[in-house]
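All remarks here apply to the structure that follows.
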Amino acid sequence: MYTDNILKLAVFAGKIILENGGETYRTEDTITRMLENKVDIVETFVTPTGIFASVEVDGKILTIVRRVKKRIIDLNKVALVNDFSRRFAKEKGNNIDCNKYMKELNDIDKKKKYNYYFRITSAGIAAAASGMMIGNKLHDFIPTFITAILLQALVAYFEKLKFSTFIINILGGSFVSVFAILFSQMGIGSLDGIIIGSIMTLVPGVTLTNAVRDAISGDFLSGVSRGIEAVVAAISIAVGVGALLKIWFILGGIL
Amino acid sequence: MIYQLIFGFLSTVGFAILFNLPKDSIIISGLSGAICWAGYIIMMYIYPSSIAATFTAAVFIGITGEIFARKKKNPSTIFIIPGIIPLVPGVYSYKTILAIIQGNYTQAFEFSLQTIGIALAIAAGLIFVLSFARIKK
């Protein structure tokens with residue numbers, strides 16, 4: 001019974017890390033670290049979509065399989081669970097208060113993100129500033145800022161409706177194109193600048209980074225599948241932006 | 001140059017808030033973003049190739065990320081992810097789409113090669129630093 005509880009606890013910690021944008025190898029490390037001084041053998045196998053963990057105590061084998069379907073980015077939770085697992089790893093013996101630790105993990109899992117308006121405003125700043133970094137002119141700053149704020153509000157709304165990332169990226173890309181065309185026709189900012197800046201909040205940067213980190217640590221299965229995820233996201237953004245621009249050109253619009 | 005560094009700082013901080021970094025890590029990740037962008041600008045000045053510059057910037061962000069991660073006892077991903085996003089080749093992928101829908105395939109090929117080159121440069125830069133970081137542990 002005791003082993004059941006600590007195994008559940010460790011896999012739950014791993015699940016929080018994997019769901020919130022942690023790498024695959026970090027999930028495996030976390031589960032192993034939490035259990036290795038409490039059981040005889042611990043083996044884990046983690047892919048971006050599922051966790052398999054098995055422990056052996058006194059010849060008895062216990063196994064857990066957990067599917068992971070949600071995939072968002074909340075690095076605060078990754079940091080908190082990382083800290084939590086290091087504290088848990090220091091505990092020894094057979095009388096750890098599992099309920100207390102489980103409650104702490106539940107609290108971490110339920111933690112909210114920053115305030116909604118604060119987040120969409122910072123998305124605007126991020127997009128406008130990174131647009132400026134890659135060669136936008138100063139008059140692109142304000143329209144990019146507005147477009148990116150609206151885009152982030154739209155994306156947040158679609159995420160609440162549980163749309164797939166593919167659809168969100170296509171709709172987001174076309175939304176950006178519409179606003180870029182509107183602004184540039186009104187003479188505020190340039191079409192290129194606004195689109196380049198605004199799509200920065202959609203690009204799959206986290207997936208790309210995690211794909212690389214997984215591949216380095218020898219986890220090629222995860223590396224490849226996350227790499228494909230990044231490619232699909234990039235293609236869907238391109239479809240959204242490209243389709244709208246093409247329609248605009250057919251209707252006789254100019255750059 | 002100073003303006004560019006301020007924008008590097010601002011955009012990294014923006015992404016940091018968007019990805020919900022812990023409060024005490026936001027400013028630090030902004031700093032590492034600015035340092036990484038300084039690396040990009042210096043490399044562009046020495047040898048004007050966006051692929052080489054992106055590689056340098058990725059190396060810089062990897063190194064600062066690892067250093068800050070050791071200091072703050074947080075996973076290094078937290079500092080690396082927000083800084084990497086502005087490096088992602090948005091400009092070239094946009095130009096590729098534009099060239100394709102205008103039927104200009106030679107140009108599209110050229111731009112898509114640039115896009116892939118930059119994406120690989122980010123990966124290579126990160127691999128370079130992180131493999132060493134893993135040895136030191």
Side chain proximity check, [X] to [Y], heavy atoms < 4.5 angstrom:
X        : Y        : result
B:Tyr40  : A:Met133 : no
A:Asn82  : B:Lys73  : no
A:Ser130 : B:Phe15  : yes
A:Lys77  : B:Pro22  : no
B:Phe7   : A:Ile125 : no
A:Leu245 : B:Tyr94  : yes

Could you tell me whether a side-chain N or O of B:Tyr3 sits under 3.5 Å from a main-chain N or O of A:Met132, the two making a donor and an acceptor?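 No, because the side chain of B:Tyr3 does not come within donor-acceptor range (under 3.5 Å) of the backbone of A:Met132.
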Under the 3.5 angstrom rule, does the side chain of A:Lys113 hit a backbone N or O of B:Asn20 as a donor-acceptor pair?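 Side chain of A:Lys113 to backbone of B:Asn20: no pair is present.
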To the nearest 0.5 angstrom, please state how far the [atom1] atom of [X] sits from the [atom2] atom of [Y].
X       : Y        : atom1 : atom2 : answer
A:Glu23 : B:Ser76  : CD    : OG    : 7.0 Å
B:Leu18 : A:Phe118 : CG    : CZ    : 11.0 Å
B:Ser93 : A:Ile196 : OG    : CD1   : 8.5 Å
B:Ile17 : A:Arg119 : CD1   : CZ    : 11.0 Å

After noting the C-alpha distance and the side-chain angles of A:Arg213 and B:Ile127, does the key distance pass the side-chain contact (heavy atoms from CB on, under 4.5 Å) rule? CA-CA 7 Å; A:Arg213 300 203 68 164; B:Ile127 289 179; over 6 Å; no
When B:Phe19 is tested against each of A:Asp74, A:Leu75, A:Val78 for side chain to side chain contact (heavy atoms under 4.5 Å, CB included), which residue passes?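 So the option named by the test is A:Leu75.
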Positive for side chain to side chain contact (heavy atoms under 4.5 Å, CB included) with B:Ile85, one of A:Thr201, A:Thr209, A:Leu208, A:Val203: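 Only one of A:Thr201, A:Thr209, A:Leu208, A:Val203 forms a side chain to side chain contact (heavy atoms under 4.5 Å, CB included) with B:Ile85, namely A:Val203.
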Out of B:Ser11, B:Ala123, B:Gly8, B:Gly14, which one racks up the most heavy-atom pairs below 4.5 Å with chain A?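 The option with the most such pairs is B:Ser11.
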Interchain contact, A:Arg26 with chain B, by part (heavy-atom threshold 4.5 Å):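 For A:Arg26, side-chain heavy atoms alone lie under 4.5 Å from chain B.
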